[in-house]
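Report on one structure; see the data block that follows.
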Amino acid sequence: MNNTKPTAVYLCGIDVGTTGTKTMIFDLDGNIIGKAYREYGCIYPKPNWVEQDIDMVFGEAVDSCREAVEKAGIRPEQIASVALSTQRTTSIFLDGTEKVLKTISWQDNRSGKEMDELGKIIGIEAFYRMTGLPLNTTWIITKILWLQKNEPETWKKVRRIVQVQDYFLRRLGADDYYIDYPDACLYGCYDSSAHQWQEELMKIAGIGKELLPHPTPCGTAVGKISREAAALTGLAEGTPICVGAGDQNSASIGAGITDKGVVSVSLGTGGMAIACMDYPYRDPKASACVTCHAITGQYQFEGYQIGAASVFRWYRDELAAAERAEAERRGLGIYDLLNEKIDQVPVGAKGLLMLPYFGSAASPRWNPEARGTLLGLTFAHDRACIARACMEGITMEQKDILTNMKENQIPIESVRMIGGATNSRIWNQMQADMYKLPCDTLAVEDAAVTGAALMGGAAVGIFRDIRDGVRNMVKVKEHFEPIPEHAEIYDEMYQIYCRAYESLEQGGVFAGLAKLQSRY
């Protein structure tokens with residue numbers, strides 16, 4: 001670590017998500033002085049296939065950075081560092097000229113057969129023991145096997161396999177591809193204890209280290225903004241580029257999850273609950289991910305939700321045309337109006353239950369065949385009921401994750417709520433009621449951006465280390481206590497939720513629907 005503090009007094013964090021990218025410029029106390037956002041989408045060639053134009057995403061990210069720097073009203077030279085928080089487990093295949101051949105999103109589930117084959121070769125329990133990951137289509141190793149089998153001509157051209165963070169660092173000016181320790185875990189062939197690639201799994205995947213990025217601690221400077229990148233981003237040429245972390249790992253830092261007892265719950269495009277641990281624990285049921293924490297030497301217990309606020313966004317886009325028109329007439333934001341409608345529906349959505357598995361089920365059930373399901377419809381239900389059922393279903397899946405944490409003896413005393421959902425006070429109270437735990441929002445709800453910026457500050461010596469950055473920049477905003485009568489209703493709904501999932505899974509309904517959908 002460089003102990004000579006730079007004279008620059010601001011930090012830049014860029015969060016590159018699945019459906020949007022945001023940049024924020026912070027002072028050293030965690031106050032935002034400039035920010036910008038860009039929204040984009042994914043490509044859905046077939047059911048369960050999700051791809052993305054990563055160069056388009058890079059263009060949107062640098063545009064947001066340039067706008068944020070302009071809005072900050074400071075000289076670019078006053079920014080001490082830039083660091084990234086990025087969507088995780090998105091597979092980017094590059095050729096020998098570093099041109100993108102294919103980008104497969106983390107939400108993609110095409111590699112089910114390859115997942116099964118990998119399980120037969122290595123064993124499901126052995127895979128979990130070696131990696132800390134339940135065997136699932138999410139991990140990059142399954143996408144590597146899929147590409148080898150299904151697009152052999154593309155595979156012949158592959159010379160590097162990277163994720164979003166390492167690809168962006170390289171485009172900004174890093175001399176090679178560097179990946180943070182937490183993101184390295186998600187390849188599915190990484191030893192998180194030894195911080196090195198796992199030879200046996202790499203051999204099964206038919207790859208060598210030369211194809212992969214260099215594992216690097218979070219909060220490490222790995223280059224400087226190039227002249228080309230300076231023109232694109234508005235940052236000064238020579239600004240230190242620093243390794244941040246994957247979005248969920250960065251968000252846990254931005255939420256202040258550095259010790260036991262406090263858990264972060266993020267409801268963004270995907271969802272995540274994270275607890276801090278001091279050793280690489282293994283869940284006896286192999287139902288939870290255990291990856292590296294952004295603080296080297298610590299680990300985090302992760303409960304992973306594939307479709308979170310993206311399910312609510314689906315409702316907005318596909319079912320809420322009338323509400324959108326009303327919002328425009330009244331001069332309201334669409335989410336403000338939806339919150340107003342939801343607030344008029346009683347807790348429990350009049351007995352309407354949503355299983356939010358639009359992108360399949362991750363923690364703790366890990367079923368790539370699970371599908372979104374709406375149960376209990378009657379003539380008494382309207383669109384507002386469905387909107388509330390979507391919000392409650394998303395939160396119910398997080399309750400499922402936290403219940404699994406408690407079963408694994410993870411202490412949970414309170415929750416830090418982060419992500420776009422925290423813009424809704426109704427959703428914040430719903431979380432407290434659902435989890436039956438005190439919940440706090442943060443002064444900066446986009447915790448992933450805060451986490452990235454403070455890791456950049458640690459990398460260049462502005463902060464002594466990442467914990468020092470947390471003490472300086474992370475602040476609580478609002479507190480929510482559970483309402484007992486609401487919690488009682490949600491406990492009853494949760495029992496129905498569990499039985500509904502088990503019935504559909506054991507009865508072959510999910511499998512049958514997945515098979516039917518594969519024809520399209």
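Excluded from the calculations below are hydrogen atoms, water molecules and symmetry mates; all remaining heavy atoms, backbone and side chain alike, are included. In this text the structure is predicted, and so the values were computed from the model without any measurement. Residue numbers start at 1 and run along the sequence shown.
Within the structure, every pair that satisfies the side chain to side chain donor-acceptor pair (under 3.5 Å) test and touches residues 288-299, not counting sequence neighbours, is listed here: Thr291-Glu302, Gln298-Arg467. Sorted by first and then second residue, the pairs that involve residues 159-182 and meet ring pair (Phe, Tyr, Trp, His ring centres under 6.0 Å), not counting sequence neighbours, are Phe58-Phe168, Tyr178-His214, Tyr181-His195. Identified under the ring pair (Phe, Tyr, Trp, His ring centres under 6.0 Å) test for residues 232-256, with sequence neighbours left out: none. Each salt bridge (Lys or Arg N to Asp or Glu O under 4.0 Å) pair with one or both residues in residues 409-422, not counting sequence neighbours, would appear here, but there are none.
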Please step through side-chain contact (heavy atoms from CB on, under 4.5 Å) for the pair Ile140 and Thr89, ending with a clear verdict.
CA-CA 6 Å; Ile140 291 174; Thr89 348; 4.1 Å; yes
For Leu212 and Met202, run side-chain contact (heavy atoms from CB on, under 4.5 Å): C-alpha distance rounded to whole Å, both residues' side-chain angles, the deciding distance at 0.1 Å, then the answer.
CA-CA 10 Å; Leu212 302 174; Met202 290 173 62; 4.1 Å; yes
Between Trp197 and Tyr187, does a side-chain contact (heavy atoms from CB on, under 4.5 Å) hold up when you go through it step by step?
CA-CA 9 Å; Trp197 298 112; Tyr187 275 82; 3.6 Å; yes
Passes side-chain contact (heavy atoms from CB on, under 4.5 Å), Met434 versus Gln429? Steps please.
CA-CA 8 Å; Met434 193 86 73; Gln429 185 60 55; over 6 Å; no
I'd like to know whether Gln398 forms a side-chain hydrogen bond (donor to acceptor under 3.5 Å, both in side chains) with Gln305, so could you lay out the CA-CA distance, the side-chain angles of the two residues, the decisive distance to 0.1 Å, and finally the verdict.
CA-CA 7 Å; Gln398 275 295 333; Gln305 183 178 11; 2.9 Å; yes
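Around NZ of Lys22, the count of heavy atoms belonging to other residues, nucleotides or ligands within 6.0 Å exceeds 12. When the shell of 6.0 Å around NZ of Lys436 is examined, it contains 12 or fewer heavy atoms from other residues, nucleotides or ligands. Other residues, nucleotides and ligands contribute at most 12 non-hydrogen atoms within 6.0 Å of the NZ atom of Lys224. Shown here is Arg282, whose CZ atom has more than 12 heavy atoms of other residues, nucleotides or ligands within 6.0 Å.
In terms of modelled atom types and a separation under 3.5 Å, the side chain of Lys475 and the main chain of Asn472 share a donor-acceptor contact. When atom types are taken as modelled, the side chain of Asn339 and the backbone of Tyr335 share a donor-acceptor pair closer than 3.5 angstrom. For Ser85 (side chain) and Asp15 (main-chain N/O), no donor-acceptor pair under 3.5 Å exists by modelled atom type. Using modelled atom types, one side-chain atom of Asn408 and one backbone atom of Asn404 make a donor-acceptor pair closer than 3.5 Å. Side-chain atoms of Ser252 come within 3.5 Å of backbone N or O of Asn249 as a donor-acceptor pair. A distance-only check finds no donor-acceptor pair linking the side chain of Asp446 to the backbone of Val449 [under 3.5 Å]. Checking side-chain atoms of Thr142 against main-chain N and O of Ser111 turns up no donor-acceptor pair under 3.5 Å. Looking only at distances, a side-chain donor or acceptor of Asp166 sits under 3.5 Å from a matching main-chain atom of Gln163. One N or O on the side chain of Thr395 and one on the backbone of Met391 form a donor-acceptor pair closer than 3.5 Å. In this structure, Ser310 contributes its side chain and Gly307 its backbone to no donor-acceptor pair below 3.5 Å.
Asp400 and Tyr494 share a donor-acceptor pair across their side chains, judged by distance under 3.5 Å alone. In this model, no donor atom of one side chain and acceptor atom of the other lie less than 3.5 Å apart for Tyr44 and Glu51. With no hydrogens or angles considered, no side-chain donor-acceptor pair links Arg425 and Thr441 at under 3.5 Å. Side chains of Trp106 and Thr18: a donor-acceptor N/O pair is present below 3.5 angstrom, by distance only. Side-chain contact of Glu478 with Asn428: a donor-acceptor pair under 3.5 Å is absent, judged by distance alone. Looking at Asp53 and Tyr40, their side chains never bring a donor and an acceptor atom within 3.5 Å of each other. Side-chain contact check for Gln52 and Gln87: at least one donor-acceptor pair (N or O, by modelled atom type) lies under 3.5 Å.
Between Thr21 atom OG1 and Leu84 atom CG the span is 8.5 Å, to the nearest 0.5 Å. One finds the SG atom of Cys12 at 14.5 Å from the NZ atom of Lys35 (value rounded to the nearest 0.5 Å). Distance OH/Tyr10 to CZ/Phe26: 13.5 Å, rounded to 0.5 Å. In this structure, CZ in Arg471 is found 6.5 Å from CG in Asp465, a value given to the nearest 0.5 Å. Note that CE of Met417 and OG of Ser424 are 10.0 Å apart. Values are rounded to the nearest 0.5 Å. The CG atom of Leu267 sits 13.0 Å away from the CD atom of Glu445 when rounded to the nearest 0.5 Å.
Salt-bridge check for Glu67 with Arg38: passed, with a basic side-chain N closer than 4.0 Å to an acidic carboxylate O. Using a 4.0 Å cut-off between charged nitrogen and carboxylate oxygen, Glu39 and Arg313 count as a salt-bridge pair.
A salt bridge (Lys or Arg N to Asp or Glu O under 4.0 Å) with Glu98 is found for one member of Arg159, Arg160, Arg171, Arg170 and no other, namely Arg170. Remark: of the listed residues Thr86, Val62, Val82, Val82 is the sole one forming a side chain to side chain contact (heavy atoms under 4.5 Å, CB included) with Ile14.
Residues passing the side-chain contact (heavy atoms from CB on, under 4.5 Å) test with Ala362, sequence neighbours excluded: Tyr304, Ile306, Trp366.
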Donor-acceptor contacts under 3.5 Å from residues 227-245 side chains, at least two apart:
{"unit_1": "Thr233", "atom_1": "OG1", "unit_2": "Ala229", "atom_2": "O", "d": "2.8"}
{"unit_1": "Thr233", "atom_1": "OG1", "unit_2": "Leu235", "atom_2": "N", "d": "3.1"}
{"unit_1": "Thr239", "atom_1": "OG1", "unit_2": "Ala236", "atom_2": "O", "d": "2.7"}

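Annotation: side chain of Val222 is in contact with side chain of Thr220 (closest heavy-atom distance under 4.5 Å). You'll find the side chain of Leu11 reaches within 4.5 Å of the side chain of Phe463, heavy atoms only.
Between Phe358 and Trp314, the ring centre distance stays below 6.0 Å.
Aromatic ring pairs are classed by plane angle as parallel below 30°, tilted from 30° to 60° and perpendicular above 60°; the pair Phe312 and Tyr315 is parallel.
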